[in-house]
Protein chains: 2
Amino acid sequence: MTDRTIRLLLADDQALVRGALATMLGLESDIEVVAEVGRGDEVVAAALGTNPDVALLDVEMPGLDGITAAADLRERAPGIRVLMVTTFGRPGYLRRAMKAGVAGFVVKDTPAKRLAAIVRDIDAGMRVIDPELAAESLASGDSPLTERETDVLTSAQSGGTNADIARELHLSEGTVRNYLSSAIGKTGARTRAEAVRIAVENGWL
Amino acid sequence: MTDRTIRLLLADDQALVRGALATMLGLESDIEVVAEVGRGDEVVAAALGTNPDVALLDVEMPGLDGITAAADLRERAPGIRVLMVTTFGRPGYLRRAMKAGVAGFVVKDTPAKRLAAIVRDIDAGMRVIDPELAAESLASGDSPLTERETDVLTSAQSGGTNADIARELHLSEGTVRNYLSSAIGKTGARTRAEAVRIAVENGWL
DNA sequence: ACATCCGCGTGACATCTGTCACATCGGTGC
DNA sequence: GCACCGATGTGACAGATGTCACGCGGATGT
């Protein structure tokens, strides 16, 4: 602990943000950015190749979302401690990230000055969870939707008709109507579009 | 141009990103970050108070969007050159930003290393436009929607019924149906939800 | 064993949505 | 002045959507 360097892996799809974070954290004498990736599906390979202590992962990434990447990391390289960073403070994200075994979860509203300290805390074995989001997550509870309801809502996001959704999921149109109806009921919405919005805002999709 | 310092104003709602950008750009010997704000409606006041040469504005901000802030800036402090930076490369954003008189427009996928050079170019009087986005913008053309159609689609985003939209905009339900129908036609969509998605993706809302 | 839940389906019904034709009124362009 | 367009409205109609009741089979829990 005295003067070991923390090896850090950075994953964020926005090159500008990734580079700026790398530069900023690289200024800290006890942090070394050993890998930078822009896609979720590059995280595991980069981690295995560079052996970081901490992985800072964005949730929204092409290829593979950060939460799934975190779960993969836990399996393939369990020693690496994961800090999730996200633009959107959605309760469901936090919940799923915790299930994936992450050590920390903060939103991008966090003051930049504090990030290095958080990385150190994570490295030291602490858990760092955004308190506001934690409260929201407790309040909103887990997703009430079944797997199929989730599938149907996800497919409904693009704005297609029941027939489109049925085709995409290989279901009958009536079944799609039933799942949508129950999803609308569970979300307290009045239309499918509202149900989709609510589910997205809660991070259930 | 020999060794003048470029005074820079930074506006981005995500504190982490804003701080990281400030740190990174502040490392450049010829750039000085003189103001940092997290809301669009704080841009003009900060600019008037700190007299920057270049303003780096995010499009998505609470209070006031970056494009409108840029237009305000043009009016109140026409000497300041504006560089828009955005997460979402939407053709309509670029188009509207150009109308607002910005000097540059880049997406957050831009390599971080290049940002300082872009800021210098902007300060030197050049225009810097993301070429890919420029092509898309030319291809997709201006919004085909009338003002009212835009209003109705915007209101439809939240997933309410025709009655909800009618109430919100003080229109009859039939009129809402007519506008939606024509918006659906113009966007080439088959449902209102699809029309909303297409309009959002093009930056028409 | 029995209840419960989920996945999947059908059929019926009321309501909502999307389209079309048509009408009025106020601008704008030529 | 006249044509055109956008904002607004009405009425009618076909098709989509949302709800409900009900069915079946499989998994899970007590």
Side-chain angles (χ1 to χ4, degrees), chain A residues 92 95-96 99 140-205, chain B residues 92 95-96 99 140-205:
Chain A
R95 194 172 288 267
R96 282 191 278 152
K99 277 208 185 101
S140 83
D142 209 348
S143 171
L145 305 170
T146 69
E147 198 184 330
R148 270 333 220 173
E149 286 160 3
T150 306
D151 291 345
V152 170
L153 270 194
T154 301
S155 174
Q157 269 184 103
S158 56
T161 64
N162 286 333
D164 294 337
I165 300 170
R167 216 171 302 121
E168 195 176 318
L169 301 181
H170 309 291
L171 290 174
S172 96
E173 213 177 310
T175 305
V176 170
R177 278 214 298 277
N178 286 338
Y179 284 140
L180 275 175
S181 181
S182 97
I184 289 169
K186 286 178 179 178
T187 52
R190 275 146 50 245
T191 66
R192 66 181 60 201
E194 206 177 352
V196 164
R197 183 174 58 77
I198 292 168
V200 167
E201 280 169 6
N202 281 288
W204 293 338
L205 302 188
Chain B
R95 194 172 288 267
R96 281 190 277 152
K99 276 209 185 99
S140 83
D142 209 349
S143 171
L145 304 171
T146 70
E147 199 183 331
R148 268 336 219 169
E149 286 160 2
T150 306
D151 291 344
V152 171
L153 270 195
T154 301
S155 173
Q157 269 184 103
S158 55
T161 64
N162 286 333
D164 294 336
I165 300 170
R167 215 171 303 122
E168 194 176 320
L169 301 181
H170 308 292
L171 290 174
S172 94
E173 212 178 309
T175 304
V176 170
R177 279 213 296 276
N178 287 339
Y179 285 143
L180 274 175
S181 182
S182 97
I184 288 170
K186 286 177 178 178
T187 52
R190 276 148 48 244
T191 65
R192 67 181 57 202
E194 208 177 351
V196 165
R197 183 173 57 78
I198 291 169
V200 167
E201 280 169 6
N202 281 289
W204 292 338
L205 304 188

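In the text below, chain A, chain B and the rest are named by the order of the sequence lines, each starting its count at 1.
- Remark: A:S172 is in phosphate contact with C:dT10, judged by side-chain N or O atoms under 4.0 Å from OP1 or OP2.
- Rounded to a whole Å, the CD atom of A:E147 is 14 Å from the C1' atom of C:dC8.
- B:N178 and B:R148 share no side-chain donor-acceptor pair at under 3.5 Å.
- Residues B:R197 and A:Q157 share a closest heavy-atom pair of CD-O, 4.3 Å.
- In this structure, the OH atom of A:Y179 is 12 Å from the P atom of C:dT10, given to the nearest Å.
- Here D:dG18 presents its C1' atom at 14 Å from CD of A:E149, a figure rounded to the nearest Å.
- Whole-Å rounding puts the A:R148 CZ to D:dG25 P distance at 20 Å.
- When each of B:T146, B:T154, B:L153 is tested with B:T150 by the rule side chain to side chain contact (heavy atoms under 4.5 Å, CB included), just one qualifies, namely B:T154.
- The minimum heavy-atom distance between B:S158 and B:S155, with the atom names listed, is OG-O, 3.2 Å.
- Nearest heavy-atom pair, B:A195 versus B:I184, reported as atom, atom and distance to 0.1 Å: CB-CG1, 4.0 Å.
- Counting to the nearest Å, the C1' atom of D:dA16 and the CD1 atom of A:I165 are 12 Å from each other.
- The bend of the helix from C:dA1-D:dT30 to C:dC30-D:dG1, defined by the angle between the axes of its first five and last five pairs, stands at 40° to the nearest 10°.
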Below 3.5 Å is the cut-off: list the nitrogen or oxygen pairs between protein and nucleotides 16-25 of chain C, distance only.
residue: C:dT17; atom: OP2; partner: B:N162; partner atom: N; Å: 3.3
residue: C:dT17; atom: OP2; partner: B:N162; partner atom: ND2; Å: 3.1
residue: C:dG18; atom: OP1; partner: B:R192; partner atom: N; Å: 3.1
residue: C:dG18; atom: OP2; partner: B:R192; partner atom: NE; Å: 2.7
residue: C:dG18; atom: OP2; partner: B:R192; partner atom: NH2; Å: 2.4
residue: C:dG18; atom: N7; partner: B:R177; partner atom: NE; Å: 3.3
residue: C:dT19; atom: OP2; partner: B:S181; partner atom: OG; Å: 2.9
residue: C:dC20; atom: N4; partner: B:N178; partner atom: OD1; Å: 3.0

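- In summary, the side chains of B:E194 and B:T187 do not present any donor paired with an acceptor at a separation below 3.5 Å, with no hydrogens or angles considered.
- Checked options B:R177, B:R192, B:E173; the residue passing with B:N162 is B:R192 (criterion: side chain to side chain donor-acceptor pair (under 3.5 Å)).
- Across B:G159 and A:A193, no two heavy atoms sit closer than the pair CA-CB, 3.7 Å.
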